[in-house]
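Take a look at the structure below.
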Amino acid sequence: MRALRHYSPQEWMRAAPLAHGARRGRNILVDLVYRRFRAPGQDEVQHALAAHRGGTLAFTIAFNLPEAIALLSEAMAHFLPGTPLVVCDNSNNAEARARIAALCAQRGHIYCPLPRAPLGQFSSNGSRSHAVALNWIYHNLIRPAAPKVFALLDHDLVPLAMDDFATRVAAQPAYGMVRHGERFGCWFLWPGYSVFDYAATAAMALDFGTDTPLTLDTGGQNWHRLYRRMPLERIRHAQTREVYLPNEVGGREPYLLTDTWLHVGGAGHRGGGAAALARVRGAFDADPDGLLGRLLESAAT
């Protein structure tokens, strides 16, 4: 929420502060209700996570795209073999859920099928659906497990080099890709690539909800809980650049490289998402160890 002094007279005339307050109250209520839903096999998942107490855990939210989970799984096995991947399935397609569950069983990942969300899975608002799922994971899996470090990864993110999440937060409570609001000087870490020191942030009860009045997307509520206490000019954060892969017609397609993690982007969307994922899959399979270098070269030309 914005401070009341930041609302213009015209916004007060439209009762914008009241509307924003009501929407925030609704979101809090939905989160509280959904947080109490039980996932199938939740006790077993929590037991498996307890074995990693004091270590590092990486969480990803799957959504209807087994191919993305397969690529993330293989890339992490190649470059981060010591970091357990926890796949939390928010798919609303039964066949996709079955395939993702089978893949996780085959590759030894901890798999948690998220309970069905209230209000129609927020199908019309992907950011809210993602936020509700993240808050469920945080309260039902991360907090009981109390890992030393936890990372949140988009399902279509691909590591291209070795990484150590614990090193990322060795001297600060959180690390990741910074995104800014359009006004008011606020910022947040994109929950598709963010890392947290659990002990340093546990008392803050993180909230991965959106903050639309501050123009902050999923994870924006943590501006109030955490980020405003972290002077941006004094912390390390992810470096991003645009890189390119050749497409099928002889041109170049842009992708976002965050540190050494490639974001396919739009992999769960209709249109070019599936083609983009297939393109990245082909490039990774051809030369996983050399792909990062080629991408960096593409950014320089």
Legend entry - Partners passing ring pair (Phe, Tyr, Trp, His ring centres under 6.0 Å) against Phe284 (at least two apart in sequence or in another chain): none

Inset, instruction - Measure the CG-CG distance between Leu296 and Leu257 for me, rounded to the nearest 0.5 Å. - result: 6.0 Å

Inset, instruction - Check for a donor-acceptor pair, side chain of Glu74 on one end and backbone N or O of Leu72 on the other, with a separation under 3.5 Å. - result: no

Inset, instruction - Please check if the side chain of Gln46 supplies one atom and the backbone of Pro144 the other of a donor-acceptor pair under 3.5 Å. - result: no

Legend entry - Salt bridge present between Arg168 and Asp164 (N-O < 4.0 angstrom): no

Inset, instruction - Over all heavy atoms of both residues, which pair between Val87 and His109 is shortest? Give the atoms and the distance, please. - result: CG2-CB, 4.4 Å

Legend entry - Ala96 versus Pro66, closest heavy-atom pair with distance: O-CG, 4.0 Å

Legend entry - Steps toward side-chain hydrogen bond (donor to acceptor under 3.5 Å, both in side chains) verdict (Asp163, Trp261): CA-CA 9 Å; Asp163 206 338; Trp261 294 73; 2.8 Å; yes

Inset, instruction - Please check if atom CZ in Arg38 has more than 12 non-hydrogen atoms from other residues, nucleotides or ligands closer than 6.0 Å. - result: yes

Inset, instruction - Answer with yes or no whether the side chains of Asp259 and Tyr175 bring together a donor and an acceptor at under 3.5 Å. - result: yes

Inset, instruction - Provide the closest heavy-atom pair for Ala238 versus Tyr193 in the form atom of the first, atom of the second, distance. - result: CB-CE2, 3.6 Å

Legend entry - Check: Gly251 main-chain N/O paired with Asn247 side-chain donor or acceptor under 3.5 Å: yes

Inset, instruction - Please check if atom CE in Met162 has more than 12 non-hydrogen atoms from other residues, nucleotides or ligands closer than 6.0 Å. - result: no

Inset, instruction - Check Ala58 against Leu153 and note the closest heavy-atom contact, atom names and distance. - result: CB-CD1, 3.9 Å

Legend entry - For Ala62 against Asp89, the heavy-atom pair lying closest together: O-OD1, 3.7 Å

Inset, instruction - Check for a donor-acceptor pair, side chain of Arg97 on one end and backbone N or O of Asn92 on the other, with a separation under 3.5 Å. - result: no

Legend entry - is_close_aromatic(His180, Trp223), centroid dist under 6.0 Å: no

Legend entry - Salt bridge present between Glu242 and Arg252 (N-O < 4.0 angstrom): no

Inset, instruction - Ignoring hydrogens and angles, tell me if any N or O in the side chain of Asp197 forms a donor-acceptor pair with the backbone of Ala170 under 3.5 Å. - result: no

Inset, instruction - Establish, yes or no, whether a centroid distance under 6.0 Å links the rings of Trp136 and Phe37. - result: no

Legend entry - Sequence neighbours excluded - salt bridge (charged side-chain N to carboxylate O under 4.0 Å, His left out) pairs with any residue from residues 50-65: none

Legend entry - Phe196 and Phe150 aromatic centres sub-6.0 Å: yes

Inset, instruction - Considering non-hydrogen atoms only, spot the tightest contact between Ala68 and Leu277 and give its length. - result: N-CD2, 3.7 Å

Legend entry - Modelled atom types, side-chain donor and acceptor of Ser129 and Asn90, under 3.5 Å: yes

Legend entry - Pairs touching residues 54-72 that satisfy salt bridge (charged side-chain N to carboxylate O under 4.0 Å, His left out), sequence neighbours left out: Glu67-Arg99

Legend entry - His78 and Asp289: CA distance, side-chain angles, deciding distance, side-chain hydrogen bond (donor to acceptor under 3.5 Å, both in side chains) verdict: CA-CA 9 Å; His78 189 78; Asp289 295 299; 2.9 Å; yes

Inset, instruction - Verify the distance criterion only: is there a donor paired with an acceptor across the side chains of Asp207 and Asn222 at less than 3.5 Å? - result: no

Inset, instruction - Kindly check if the number of other-residue, nucleotide or ligand heavy atoms within 6.0 Å of CZ (Arg241) is above 12? - result: no

